[in-house]
Amino acid sequence: MVAELDRRYPPVWAEEWDRVGLVLGEPTDPVRRVYGTVDVVPETVAEALAAGADLIVAHHPLLLRGVSSVAPTTWKGRIVHDLIRAGVALYVAHTNADVATPGVSDALADRFGLTGLRPLAPSAPGSPAAGGGRGIGRIGELPAPMTLAELTRHAAAVLPATVWGVRAGGDPGRIVRTLAVSGGSGEGFLAAASAAGVDAFLSSDLRHHPSGEHLAAGGPALLEAAHWATERPWLDDVAAHLRAGFGVETVVSDLDTDPWTVHAAAPAMDDKEPRP
């Protein structure tokens, strides 16, 4: 199972700062049930243990930065102890799954029915992930044109639900035919979206000043969803692949791990159309 995950998401495709692959567990242990999650947190680990999982496949690394202890007095250390005690392995595919094809952004693009997919930021020539249509983000054509306001409502309907929802920047009446998407933090690809000439770009973790400057310069309209919501669709693709290839049972977590848990619209906006 680990060998297949490494083949589909080679660790050499990951960024140098990333920490991917097998985190804990015996590579040769049998796997009958796989649990997929975006985040390895106490709540998702409890869900995995309750489901009787033998292997957790996660997108975000549990141990991204160096540690000097995994004592059970810390929440990450407690996770490590609980998983080892239960005999549950943990595997991470992060930036190597971001650039893969199919990968994180392919699954996100599929939620919108995008066609004619190509990478937003192709992997650099000469890099381990170069070629094969690999790279960060995807650009494609919507099945039918939508206004930005319609697309924003559509995004909220097709993406996993979060308190955050979906917000957009730009003219609400702007017609969107071509859409770029990037699962996770996409602010670093605003220039790539502009250079590609797309009508809109959907991602997460977009800050105030870079977004405002991008729009003021005439860049594509922006849609921002919760980080978790843009990466959760990928888990369905992983689960389907492992079921088909290995006949294992798969459980995909819908536990919303987005840290933002309360949202309230400004009362003055209740009866107003989005401003142009």
Side-chain angles (χ1 to χ4, degrees), residues 36-39 44 57 59-60 93 97-98 100-120 133 135-187 189-190 192-193 196 198-206 211 220-241 243 250-261 263 265 273-274:
T37 183
V38 173
D39 294 298
T44 54
V57 176
H59 185 50
H60 291 151
D98 288 335
T101 178
V104 172
S105 289
D106 294 285
L108 180 57
D110 188 60
R111 291 289 177 112
F112 293 89
L114 298 185
T115 57
L117 295 182
R118 64 187 190 275
L120 172 62
I136 294 293
R138 294 294 180 267
I139 296 171
E141 299 282 334
L142 287 166
M146 297 183 185
T147 66
L148 177 60
E150 290 169 339
L151 179 58
T152 304
R153 290 191 290 269
H154 181 63
V158 300
L159 293 178
T162 61
V163 171
W164 177 283
V166 178
R167 61 183 180 180
D171 179 358
R174 178 174 182 165
I175 299 300
V176 179
R177 296 180 175 86
T178 55
L179 176 66
V181 299
S182 183
S185 300
E187 183 178 285
F189 304 100
L190 291 174
V198 298
D199 299 314
F201 175 42
L202 180 145
S203 192
S204 59
D205 301 346
L206 306 179
S211 298
L222 298 177
L223 296 94
E224 184 181 24
H227 192 121
W228 173 84
T230 65
E231 295 176 331
R232 163 60 184 80
W234 170 72
L235 298 174
D236 293 327
D237 176 70
V238 178
H241 177 71
R243 279 198 308 271
T250 58
V251 178
V252 174
S253 177
D254 281 315
L255 185 63
D256 178 3
T257 53
D258 183 58
W260 307 108
T261 58
H263 172 80
E273 289 295 317

message = Please evaluate residues Ile139 and Leu120 with respect to the criterion side-chain contact (heavy atoms from CB on, under 4.5 Å), reporting the C-alpha separation (whole Å), side-chain torsions for both, the decisive distance (0.1 Å), and the verdict.
response = CA-CA 6 Å; Ile139 296 171; Leu120 172 62; 3.8 Å; yes

inquiry  = Which heavy atom of Ile175 sits nearest to which heavy atom of Pro145, and what is that distance?
reply    = CG2-CB, 3.9 Å

inquiry  = Nearest 0.5 angstrom please: His241 NE2 to Thr250 OG1, how far?
reply    = 12.0 Å

query = Who pairs with Glu231 by salt bridge (Lys or Arg N to Asp or Glu O under 4.0 Å), at least two apart in sequence or on another chain?
reply = none

Ring pair (Phe, Tyr, Trp, His ring centres under 6.0 Å) partners of Trp234, counting only residues at least two apart = Tyr9, His59

note = In short, salt bridge (Lys or Arg N to Asp or Glu O under 4.0 Å) pairs touching residues 105-115 with sequence neighbours left out are Asp106-Arg138, Arg111-Asp236

ask   = Hey, are the side chains of Trp228 and Trp164 touching, using non-hydrogen atoms and a 4.5 Å cut-off?
value = no

query = Would you say Leu142 and Arg177 make side-chain contact, with heavy atoms under 4.5 Å?
reply = no

key: Minimum side-chain heavy-atom gap Phe112-Leu151 below 4.5 Å   = yes

remark   = The reported gap from OG in Ser211 to CG in Leu190 (rounded to nearest 0.5 angstrom) is 6.0 Å

Contact summary for Ala109 and Leu117, nearest pair of heavy atoms = CB-CD2, 3.9 Å

query = Are any of the side-chain heavy atoms of Val38 and Leu235 separated by less than 4.5 Å?
reply = yes

query = Measuring from Leu108:CG to Leu159:CG, what's the distance to the nearest 0.5 Å?
reply = 6.0 Å

query = Pro220 and Ala193: which non-hydrogen atoms are nearest, and at how many Å?
reply = CG-O, 3.6 Å

remark   = When every non-hydrogen atom of Ser105 is compared with those of Ser182, the smallest separation belongs to OG-CA, 3.6 Å

ask   = Do any N or O atoms from the side chain of Thr44 and from the backbone of Asp39 form a donor-acceptor pair under 3.5 angstrom?
value = yes

inquiry  = Suppose we screen for salt bridge (Lys or Arg N to Asp or Glu O under 4.0 Å). Which residues come up paired with Asp237, at least two apart in sequence or across chains?
reply    = Arg8

For Ala97 against Ala93, the heavy-atom pair lying closest together = CB-O, 3.8 Å

task = Could you tell me whether the side chain of Ser203 and the main chain of Ser185 form a donor-acceptor pair under 3.5 Å?
result = no

inquiry  = Which residues pass the side-chain contact (heavy atoms from CB on, under 4.5 Å) test with Thr152, not counting sequence neighbours?
reply    = Leu148, Val166, Ala168, Leu223

request  = Evaluate the side-chain contact (heavy atoms from CB on, under 4.5 Å) criterion for residues Leu179 and Leu114: first the C-alpha distance (whole Å), next the side-chain angles of each, then the deciding distance (0.1 Å), finally the verdict.
outcome  = CA-CA 8 Å; Leu179 176 66; Leu114 298 185; 4.2 Å; yes

query = How far does NE2 of His227 sit from OG1 of Thr162, to the nearest 0.5 angstrom?
reply = 12.5 Å

message = Can a donor-acceptor pair be found, under 3.5 Å and without considering hydrogens, that links the side chain of Thr230 to the backbone of Gly184?
response = yes

request  = Any chance you could measure His263, atom NE2, to Arg167, atom CZ, to the nearest 0.5 Å?
outcome  = 9.5 Å

message = Applying side-chain contact (heavy atoms from CB on, under 4.5 Å), can you list everything that pairs with Asp254, at least two apart in sequence or on another chain?
response = Arg232

